[in-house]
Undergrad: 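I am attaching a structure below and will ask some questions about it afterwards.
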There are 2 protein chains.
Amino acid sequence: MKVGEIRNKLIEKGLKVTPQRIAILEAIVKLNNHPTAENIIDYIRKNHPNIATATVYKVLDALVENGLIKKVKTEKDIMRYDAVMESHHHLYCSESDRIEDYKDNELNELLEKYFEKKKIPDFKIEDIKLQIIGKFIKNK
Amino acid sequence: MKVGEIRNKLIEKGLKVTPQRIAILEAIVKLNNHPTAENIIDYIRKNHPNIATATVYKVLDALVENGLIKKVKTEKDIMRYDAVMESHHHLYCSESDRIEDYKDNELNELLEKYFEKKKIPDFKIEDIKLQIIGKFIKNK
DNA sequence: TGTCTAATGAGAATAATTCTCTTTTAATAA
DNA sequence: TTATTAAAAGAGAATTATTCTCATTAGACA
Ligand SMILES: [Mn+2]
Ligand SMILES: [Mn+2]
Ligand SMILES: [Zn+2]
Ligand SMILES: [Zn+2]
(Lines give C-alpha, C1' and ligand atoms only; values in the text may rest on other atoms or scores of the structure.)
(Ligands and ions follow the chains in the order given, each with its own letter.)
Protein backbone atom coordinates (compact mmCIF):
# COMPACT_ATOMS: atom_id res chain seq x y z
CA MET A 1 0.00 0.00 0.00
CA LYS A 2 1.45 3.27 -1.21
CA VAL A 3 1.18 6.56 0.66
CA GLY A 4 -1.02 7.93 -2.12
CA GLU A 5 -3.40 5.06 -1.63
CA ILE A 6 -3.55 5.63 2.13
CA ARG A 7 -4.10 9.32 1.55
CA ASN A 8 -7.04 8.51 -0.74
CA LYS A 9 -8.64 6.18 1.74
CA LEU A 10 -8.49 8.85 4.42
CA ILE A 11 -10.02 11.41 2.09
CA GLU A 12 -12.76 9.00 1.04
CA LYS A 13 -13.76 8.64 4.65
CA GLY A 14 -13.69 12.38 5.24
CA LEU A 15 -10.71 12.09 7.56
CA LYS A 16 -8.07 14.79 7.58
CA VAL A 17 -4.84 13.57 6.07
CA THR A 18 -2.15 13.90 8.72
CA PRO A 19 1.38 12.53 8.85
CA GLN A 20 0.41 10.63 12.02
CA ARG A 21 -2.49 8.88 10.37
CA ILE A 22 -0.44 7.98 7.35
CA ALA A 23 2.37 6.67 9.51
CA ILE A 24 0.03 4.56 11.61
CA LEU A 25 -1.80 3.00 8.70
CA GLU A 26 1.49 2.37 6.95
CA ALA A 27 2.86 0.75 10.08
CA ILE A 28 -0.03 -1.68 10.41
CA VAL A 29 0.26 -2.62 6.76
CA LYS A 30 4.04 -3.04 6.87
CA LEU A 31 4.23 -4.75 10.23
CA ASN A 32 1.55 -7.10 9.04
CA ASN A 33 0.32 -9.76 11.36
CA HIS A 34 -1.75 -8.02 13.83
CA PRO A 35 0.44 -5.60 15.76
CA THR A 36 -0.42 -4.16 19.15
CA ALA A 37 -0.55 -0.42 19.78
CA GLU A 38 2.87 -0.74 21.35
CA ASN A 39 4.28 -2.51 18.29
CA ILE A 40 2.93 0.29 16.15
CA ILE A 41 4.33 3.02 18.40
CA ASP A 42 7.78 1.43 18.47
CA TYR A 43 7.80 1.10 14.71
CA ILE A 44 6.61 4.62 14.02
CA ARG A 45 8.91 6.36 16.49
CA LYS A 46 11.90 5.35 14.39
CA ASN A 47 10.92 7.94 11.78
CA HIS A 48 8.47 9.97 13.77
CA PRO A 49 9.95 10.16 17.26
CA ASN A 50 7.55 12.70 18.73
CA ILE A 51 4.21 11.05 18.10
CA ALA A 52 2.17 10.90 21.30
CA THR A 53 0.87 7.64 22.64
CA ALA A 54 -2.63 9.08 22.96
CA THR A 55 -2.53 10.14 19.32
CA VAL A 56 -1.82 6.58 18.27
CA TYR A 57 -4.76 5.28 20.26
CA LYS A 58 -7.04 7.99 18.95
CA VAL A 59 -5.99 7.39 15.37
CA LEU A 60 -6.46 3.65 15.78
CA ASP A 61 -10.00 4.25 17.04
CA ALA A 62 -10.74 6.57 14.15
CA LEU A 63 -9.41 4.07 11.62
CA VAL A 64 -11.48 1.27 13.13
CA GLU A 65 -14.62 3.40 13.21
CA ASN A 66 -14.14 4.32 9.58
CA GLY A 67 -13.54 0.78 8.45
CA LEU A 68 -9.92 1.24 7.43
CA ILE A 69 -8.58 -1.29 9.92
CA LYS A 70 -10.09 -3.93 12.17
CA LYS A 71 -9.58 -5.08 15.72
CA VAL A 72 -8.59 -8.71 16.05
CA LYS A 73 -10.30 -10.82 18.68
CA THR A 74 -7.91 -12.41 21.17
CA GLU A 75 -8.05 -13.64 24.71
CA LYS A 76 -5.47 -11.14 25.84
CA ASP A 77 -5.69 -7.79 27.54
CA ILE A 78 -3.84 -6.15 24.64
CA MET A 79 -5.62 -5.02 21.52
CA ARG A 80 -4.34 -6.08 18.11
CA TYR A 81 -5.06 -4.50 14.76
CA ASP A 82 -5.39 -5.70 11.20
CA ALA A 83 -5.14 -3.73 7.98
CA VAL A 84 -6.40 -6.62 5.85
CA MET A 85 -9.99 -5.62 5.25
CA GLU A 86 -11.21 -8.43 3.04
CA SER A 87 -13.03 -10.98 5.20
CA HIS A 88 -10.57 -13.64 6.22
CA HIS A 89 -9.82 -16.09 8.98
CA HIS A 90 -7.04 -16.39 11.52
CA LEU A 91 -4.59 -19.04 12.60
CA TYR A 92 -3.89 -18.61 16.31
CA CYS A 93 -0.77 -20.27 17.72
CA SER A 94 -1.67 -22.16 20.89
CA GLU A 95 1.74 -21.57 22.42
CA SER A 96 2.56 -18.03 21.44
CA ASP A 97 0.91 -14.79 20.41
CA ARG A 98 1.42 -15.41 16.73
CA ILE A 99 -1.66 -14.82 14.58
CA GLU A 100 -1.58 -15.40 10.83
CA ASP A 101 -4.15 -14.71 8.16
CA TYR A 102 -5.96 -17.55 6.51
CA LYS A 103 -7.78 -16.77 3.29
CA ASP A 104 -9.84 -19.49 1.69
CA ASN A 105 -12.63 -18.80 -0.72
CA GLU A 106 -13.70 -22.39 -1.04
CA LEU A 107 -14.28 -22.36 2.73
CA ASN A 108 -16.16 -19.08 2.60
CA GLU A 109 -18.51 -20.49 -0.01
CA LEU A 110 -18.99 -23.69 1.95
CA LEU A 111 -19.97 -21.69 5.03
CA GLU A 112 -22.18 -19.35 3.11
CA LYS A 113 -24.07 -22.26 1.60
CA TYR A 114 -24.30 -24.00 4.93
CA PHE A 115 -25.83 -21.02 6.68
CA GLU A 116 -28.17 -20.25 3.83
CA LYS A 117 -29.85 -23.54 4.56
CA LYS A 118 -29.33 -23.78 8.31
CA LYS A 119 -30.73 -20.64 9.83
CA ILE A 120 -29.79 -19.65 13.35
CA PRO A 121 -32.98 -18.78 15.22
CA ASP A 122 -33.38 -15.11 16.15
CA PHE A 123 -30.03 -14.15 14.69
CA LYS A 124 -29.06 -12.37 11.51
CA ILE A 125 -25.54 -13.25 10.42
CA GLU A 126 -23.35 -10.42 9.17
CA ASP A 127 -19.95 -12.05 9.10
CA ILE A 128 -18.30 -15.31 9.98
CA LYS A 129 -14.70 -15.72 11.01
CA LEU A 130 -12.86 -18.84 11.96
CA GLN A 131 -10.45 -18.96 14.82
CA ILE A 132 -8.22 -21.83 13.86
CA ILE A 133 -6.12 -22.72 16.88
CA GLY A 134 -3.07 -24.92 16.61
CA LYS A 135 0.68 -25.06 16.18
CA PHE A 136 2.85 -23.62 13.47
CA ILE A 137 5.31 -26.19 12.20
CA LYS A 138 8.80 -24.83 11.94
CA ASN A 139 9.56 -25.37 8.28
CA LYS A 140 13.28 -24.82 8.83
CA MET B 1 -23.74 -28.25 37.84
CA LYS B 2 -23.98 -29.31 41.47
CA VAL B 3 -21.49 -28.36 44.14
CA GLY B 4 -20.49 -32.01 44.45
CA GLU B 5 -19.66 -32.07 40.78
CA ILE B 6 -17.57 -28.92 41.05
CA ARG B 7 -15.79 -30.34 44.06
CA ASN B 8 -14.92 -33.46 42.07
CA LYS B 9 -13.57 -31.52 39.14
CA LEU B 10 -11.28 -29.55 41.43
CA ILE B 11 -10.05 -32.73 43.11
CA GLU B 12 -9.47 -34.40 39.72
CA LYS B 13 -7.19 -31.55 38.77
CA GLY B 14 -5.36 -31.68 42.08
CA LEU B 15 -6.70 -28.29 43.12
CA LYS B 16 -7.58 -27.62 46.71
CA VAL B 17 -11.30 -27.37 47.25
CA THR B 18 -12.03 -23.93 48.68
CA PRO B 19 -15.30 -22.06 49.09
CA GLN B 20 -13.93 -19.32 46.85
CA ARG B 21 -13.17 -21.70 44.01
CA ILE B 22 -16.54 -23.35 44.30
CA ALA B 23 -18.31 -20.00 44.36
CA ILE B 24 -16.44 -18.76 41.30
CA LEU B 25 -17.04 -21.85 39.20
CA GLU B 26 -20.66 -21.89 40.27
CA ALA B 27 -20.99 -18.23 39.34
CA ILE B 28 -19.65 -18.75 35.83
CA VAL B 29 -21.98 -21.68 35.30
CA LYS B 30 -25.02 -19.88 36.69
CA LEU B 31 -24.36 -16.52 35.09
CA ASN B 32 -23.86 -18.31 31.82
CA ASN B 33 -23.00 -16.30 28.78
CA HIS B 34 -19.49 -15.31 29.24
CA PRO B 35 -19.25 -13.09 32.30
CA THR B 36 -16.41 -10.70 33.03
CA ALA B 37 -14.38 -10.87 36.24
CA GLU B 38 -16.47 -7.97 37.48
CA ASN B 39 -19.75 -9.77 36.72
CA ILE B 40 -18.45 -12.74 38.66
CA ILE B 41 -17.31 -10.63 41.62
CA ASP B 42 -20.65 -8.82 41.81
CA TYR B 43 -22.54 -12.09 41.72
CA ILE B 44 -20.38 -13.82 44.31
CA ARG B 45 -20.28 -10.96 46.79
CA LYS B 46 -23.99 -11.38 47.42
CA ASN B 47 -23.31 -14.57 49.36
CA HIS B 48 -19.61 -14.21 49.90
CA PRO B 49 -19.11 -10.53 50.60
CA ASN B 50 -15.46 -10.67 51.64
CA ILE B 51 -13.89 -12.35 48.66
CA ALA B 52 -10.89 -10.37 47.45
CA THR B 53 -10.68 -9.16 43.88
CA ALA B 54 -7.21 -10.62 43.51
CA THR B 55 -8.51 -14.00 44.65
CA VAL B 56 -11.08 -14.01 41.90
CA TYR B 57 -8.44 -13.27 39.29
CA LYS B 58 -6.11 -15.88 40.69
CA VAL B 59 -8.82 -18.50 40.81
CA LEU B 60 -9.89 -17.68 37.25
CA ASP B 61 -6.32 -18.19 36.07
CA ALA B 62 -6.07 -21.46 37.93
CA LEU B 63 -9.34 -22.68 36.45
CA VAL B 64 -8.26 -21.73 32.94
CA GLU B 65 -4.87 -23.39 33.36
CA ASN B 66 -6.51 -26.56 34.56
CA GLY B 67 -9.05 -26.69 31.78
CA LEU B 68 -12.11 -26.12 33.92
CA ILE B 69 -13.09 -22.89 32.20
CA LYS B 70 -12.02 -21.08 29.05
CA LYS B 71 -11.30 -17.51 28.11
CA VAL B 72 -13.47 -16.14 25.35
CA LYS B 73 -11.85 -14.17 22.53
CA THR B 74 -13.22 -10.65 22.15
CA GLU B 75 -12.00 -7.34 20.84
CA LYS B 76 -12.35 -5.69 24.21
CA ASP B 77 -9.97 -4.89 27.02
CA ILE B 78 -12.06 -6.97 29.43
CA MET B 79 -11.66 -10.69 29.74
CA ARG B 80 -14.66 -12.96 29.56
CA TYR B 81 -14.98 -16.52 30.77
CA ASP B 82 -16.88 -19.60 29.72
CA ALA B 83 -17.73 -22.70 31.73
CA VAL B 84 -18.99 -24.61 28.69
CA MET B 85 -16.05 -26.86 27.94
CA GLU B 86 -17.35 -28.84 24.99
CA SER B 87 -16.07 -27.25 21.79
CA HIS B 88 -18.65 -24.79 20.54
CA HIS B 89 -19.02 -21.60 18.59
CA HIS B 90 -20.09 -18.09 19.51
CA LEU B 91 -22.64 -15.60 18.26
CA TYR B 92 -21.27 -12.08 18.79
CA CYS B 93 -23.73 -9.20 18.71
CA SER B 94 -22.39 -6.46 16.47
CA GLU B 95 -24.06 -3.73 18.52
CA SER B 96 -23.61 -4.90 22.08
CA ASP B 97 -21.40 -7.12 24.20
CA ARG B 98 -23.78 -10.02 24.08
CA ILE B 99 -22.16 -13.36 23.26
CA GLU B 100 -24.20 -16.54 22.97
CA ASP B 101 -23.17 -20.12 22.50
CA TYR B 102 -23.79 -21.86 19.22
CA LYS B 103 -23.53 -25.62 19.21
CA ASP B 104 -23.88 -27.42 15.92
CA ASN B 105 -22.55 -30.88 15.35
CA GLU B 106 -23.42 -30.96 11.69
CA LEU B 107 -21.22 -27.90 11.26
CA ASN B 108 -18.40 -29.43 13.28
CA GLU B 109 -18.42 -32.49 11.07
CA LEU B 110 -18.51 -30.39 7.93
CA LEU B 111 -15.46 -28.44 9.10
CA GLU B 112 -13.65 -31.54 10.23
CA LYS B 113 -14.16 -33.16 6.84
CA TYR B 114 -13.16 -30.01 5.03
CA PHE B 115 -9.87 -29.65 6.87
CA GLU B 116 -9.08 -33.32 6.60
CA LYS B 117 -8.85 -32.81 2.86
CA LYS B 118 -7.62 -29.24 2.72
CA LYS B 119 -4.47 -29.08 4.77
CA ILE B 120 -3.12 -25.74 5.93
CA PRO B 121 0.61 -25.65 5.12
CA ASP B 122 2.92 -25.65 8.14
CA PHE B 123 0.07 -25.64 10.62
CA LYS B 124 -1.39 -28.37 12.80
CA ILE B 125 -5.01 -27.64 13.71
CA GLU B 126 -6.05 -28.30 17.28
CA ASP B 127 -9.41 -26.60 17.43
CA ILE B 128 -11.69 -24.52 15.27
CA LYS B 129 -14.14 -21.98 16.55
CA LEU B 130 -16.47 -19.77 14.60
CA GLN B 131 -17.05 -16.18 15.48
CA ILE B 132 -20.47 -15.55 14.04
CA ILE B 133 -21.06 -11.82 14.09
CA GLY B 134 -24.50 -10.33 13.60
CA LYS B 135 -27.65 -9.10 15.25
CA PHE B 136 -29.96 -10.81 17.67
CA ILE B 137 -33.56 -10.39 16.62
CA LYS B 138 -35.80 -9.39 19.48
CA ASN B 139 -38.31 -12.21 19.55
CA LYS B 140 -40.77 -10.17 21.58
C1' DT C 1 -3.10 34.00 3.34
C1' DG C 2 -6.38 33.70 7.04
C1' DT C 3 -9.96 31.33 9.42
C1' DC C 4 -11.82 27.58 11.60
C1' DT C 5 -12.15 23.23 13.36
C1' DA C 6 -10.40 18.92 13.97
C1' DA C 7 -6.18 16.61 15.30
C1' DT C 8 -2.11 16.32 18.07
C1' DG C 9 0.91 16.35 22.23
C1' DA C 10 1.86 16.10 27.09
C1' DG C 11 0.86 14.42 31.05
C1' DA C 12 -2.56 13.11 34.39
C1' DA C 13 -6.26 9.91 35.20
C1' DT C 14 -8.61 5.58 34.93
C1' DA C 15 -9.59 0.75 35.04
C1' DA C 16 -8.55 -3.99 34.55
C1' DT C 17 -5.32 -6.89 36.20
C1' DT C 18 -1.21 -8.39 38.78
C1' DC C 19 1.96 -8.31 42.56
C1' DT C 20 3.72 -8.53 47.32
C1' DC C 21 3.32 -9.83 51.62
C1' DT C 22 0.86 -11.48 55.63
C1' DT C 23 -2.62 -14.48 57.38
C1' DT C 24 -5.63 -18.28 56.92
C1' DT C 25 -7.04 -22.81 55.74
C1' DA C 26 -7.49 -27.41 53.33
C1' DA C 27 -5.19 -31.63 53.09
C1' DT C 28 -2.78 -35.18 55.37
C1' DA C 29 -0.15 -37.35 58.53
C1' DA C 30 0.66 -38.35 63.34
C1' DT D 1 -8.52 -35.30 66.74
C1' DT D 2 -4.77 -32.52 66.45
C1' DA D 3 -0.52 -30.81 64.35
C1' DT D 4 1.98 -29.77 60.27
C1' DT D 5 2.62 -27.67 56.06
C1' DA D 6 2.09 -26.00 51.61
C1' DA D 7 -1.10 -23.78 49.02
C1' DA D 8 -4.65 -20.35 48.84
C1' DA D 9 -6.88 -16.15 50.28
C1' DG D 10 -7.02 -11.28 51.70
C1' DA D 11 -5.57 -6.37 51.64
C1' DG D 12 -3.84 -2.96 49.41
C1' DA D 13 -0.25 -1.16 46.52
C1' DA D 14 1.62 -1.44 41.92
C1' DT D 15 1.47 -2.01 37.10
C1' DT D 16 -0.04 -1.42 32.43
C1' DA D 17 -2.96 -0.65 28.61
C1' DT D 18 -5.91 2.72 27.51
C1' DT D 19 -8.54 7.11 27.97
C1' DC D 20 -9.11 11.78 29.22
C1' DT D 21 -8.26 16.84 29.56
C1' DC D 22 -6.76 20.75 27.89
C1' DA D 23 -3.55 23.76 25.59
C1' DT D 24 -1.30 24.02 21.02
C1' DT D 25 -0.84 23.04 16.14
C1' DA D 26 -1.97 22.35 11.54
C1' DG D 27 -5.02 20.52 7.59
C1' DA D 28 -8.87 22.08 4.71
C1' DC D 29 -11.05 25.41 2.43
C1' DA D 30 -12.54 30.09 1.57
MN1 LIG E 1 -7.55 -1.50 30.49
MN1 LIG F 1 -5.60 -3.79 31.11
ZN1 LIG G 1 -5.86 -10.78 9.68
ZN1 LIG H 1 -19.44 -20.24 25.07
Undergrad: In this structure, how many angstroms lie between the C1' atom of dG10(D) and the CZ atom of Arg21(B), rounded?
TA: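 So the CZ-C1' distance, Arg21(B) to dG10(D), works out to 14 Å.
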Undergrad: How long is the line joining CG of Asp61(A) and P of dT8(C), in whole Å?
TA: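 Answer to the nearest Å: 12 Å.
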Undergrad: For the residue pair Thr55(A) and Gln20(A), confirm or rule out a side-chain donor-acceptor distance under 3.5 Å.
TA: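 No - no donor-acceptor pair under 3.5 Å links their side chains.
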Undergrad: Taking only residues two or more places apart in sequence, or in another chain, which ones meet Glu12(A) in a salt bridge (charged side-chain N to carboxylate O under 4.0 Å, His left out)?
TA: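 If we apply the salt bridge (charged side-chain N to carboxylate O under 4.0 Å, His left out) test to Glu12(A), skipping adjacent residues, there are no hits.
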Undergrad: Report the residues that fulfil side-chain contact (heavy atoms from CB on, under 4.5 Å) with Tyr43(A), sequence neighbours left out, ordered by chain and then residue number.
TA: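 Ala27(A), Lys30(A), Leu31(A), Lys46(A).
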Undergrad: Report yes if a side-chain nitrogen or oxygen of Gln20(B) is closer than 4.0 Å to either non-bridging phosphate oxygen (OP1 or OP2) of dG10(D); otherwise report no.
TA: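 Looking at the OP1 and OP2 atoms of dG10(D), one of them is under 4.0 Å from a side-chain N or O of Gln20(B).
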Undergrad: Which residues in residues 51-59 of chain A have at least one heavy atom lying under 4.0 Å from any atom of DNA chain C?
TA: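 Heavy-atom cutoff 4.0 Å gives Ile51(A), Ala52(A), Ala54(A), Thr55(A), Lys58(A), Val59(A).
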Undergrad: For nucleotides 27-30 of chain C, list the nitrogen or oxygen atoms of the protein found under 3.5 Å from its nitrogen or oxygen atoms, one pair per line.
TA:
residue: dA27(C); atom: OP1; partner: Val17(B); partner atom: N; Å: 3.0

Undergrad: When the nearest nucleotide of DNA chain C is assigned to Arg80(B) and to Asn50(A) on a heavy-atom basis, which residue is associated with the more 5' position?
TA: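 Residue closer to the 5' terminus by nearest nucleotide: Asn50(A).
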Undergrad: According to ring pair (Phe, Tyr, Trp, His ring centres under 6.0 Å), does anything in residues 8-35 of chain B pair up with another residue at least two apart or in another chain? List the pairs.
TA: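 Every pair satisfying ring pair (Phe, Tyr, Trp, His ring centres under 6.0 Å) with a residue in residues 8-35 of chain B: His34(B)-His90(B).
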Undergrad: Quick check: are there more than 12 heavy atoms from other residues, nucleotides or ligands sitting under 6.0 Å from NZ of Lys118(B)?
TA: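 Result for NZ/Lys118(B): enclosed.
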Undergrad: Give the rounded distance in Å between these two atoms: CG of Asp77(B) and P of dT17(C).
TA: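 So the CG-P distance, Asp77(B) to dT17(C), works out to 7 Å.
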Undergrad: Remember a base hit wins even if backbone is also touched, and classify Ala37(A) as base, sugar-phosphate or nothing at under 4.0 Å, heavy atoms.
TA: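 Since only primed, P, OP1 and OP2 atoms lie under 4.0 Å of Ala37(A), the category is sugar-phosphate.
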Undergrad: Rounded to whole angstrom units, what separation is found between the NE2 atom of His48(B) and the P atom of dG10(D)?
TA: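 Checked: the NE2 to P distance equals 6 Å.
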Undergrad: Can Ile22(A) be reached from Ile40(A) by stepping across I, L, V, M, F, W or Y side chains whose heavy atoms are under 4.5 Å apart?
TA: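 Yes; tracing contacts between hydrophobic side chains, which count when under 4.5 Å, links both residues.
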Undergrad: Identify all side-chain donor-acceptor contacts of residues 60-74 of chain B below 3.5 Å with residues at least two apart in sequence or on another chain.
TA:
residue: Asn66(B); atom: ND2; partner: Ala62(B); partner atom: O; Å: 2.7
residue: Thr74(B); atom: OG1; partner: Lys76(B); partner atom: N; Å: 3.1

Undergrad: Could you state the CD1-P distance from Ile41(A) to dT19(D), rounded to the nearest angstrom?
TA: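 Taking atom P of dT19(D) as the reference, CD1 of Ile41(A) is at 12 Å.
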Undergrad: Check whether any side-chain heavy atom of Glu100(B) lies under 4.5 Å from a side-chain heavy atom of Phe123(A), and answer yes or no.
TA: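 The answer is no, as the side chains (C-beta and beyond) never meet within the 4.5 Å cut-off.
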Undergrad: Can you tell me the distance, in whole Å, between the CD1 atom of Ile22(B) and the C1' atom of dT25(C)?
TA: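 Those two atoms, CD1 and C1', are 13 Å apart.
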Undergrad: To the nearest angstrom, how far is Asp97(A) atom CG from dA17(D) atom P?
TA: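 Taking CG of Asp97(A) and P of dA17(D), I get 12 Å after rounding.
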Undergrad: What is the distance, rounded to the nearest whole Å, between atom CG of Leu60(B) and atom P of dT17(C)?
TA: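 Taking CG of Leu60(B) and P of dT17(C), I get 9 Å after rounding.
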Undergrad: Using the rule that Ile, Leu, Val, Met, Phe, Trp and Tyr join whenever any side-chain heavy atoms are under 4.5 Å apart, tell me whether Ile133(B) and Ile132(A) fall into a single cluster.
TA: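 Different clusters: Ile133(B) never reaches Ile132(A) through Ile, Leu, Val, Met, Phe, Trp or Tyr contacts under 4.5 Å.
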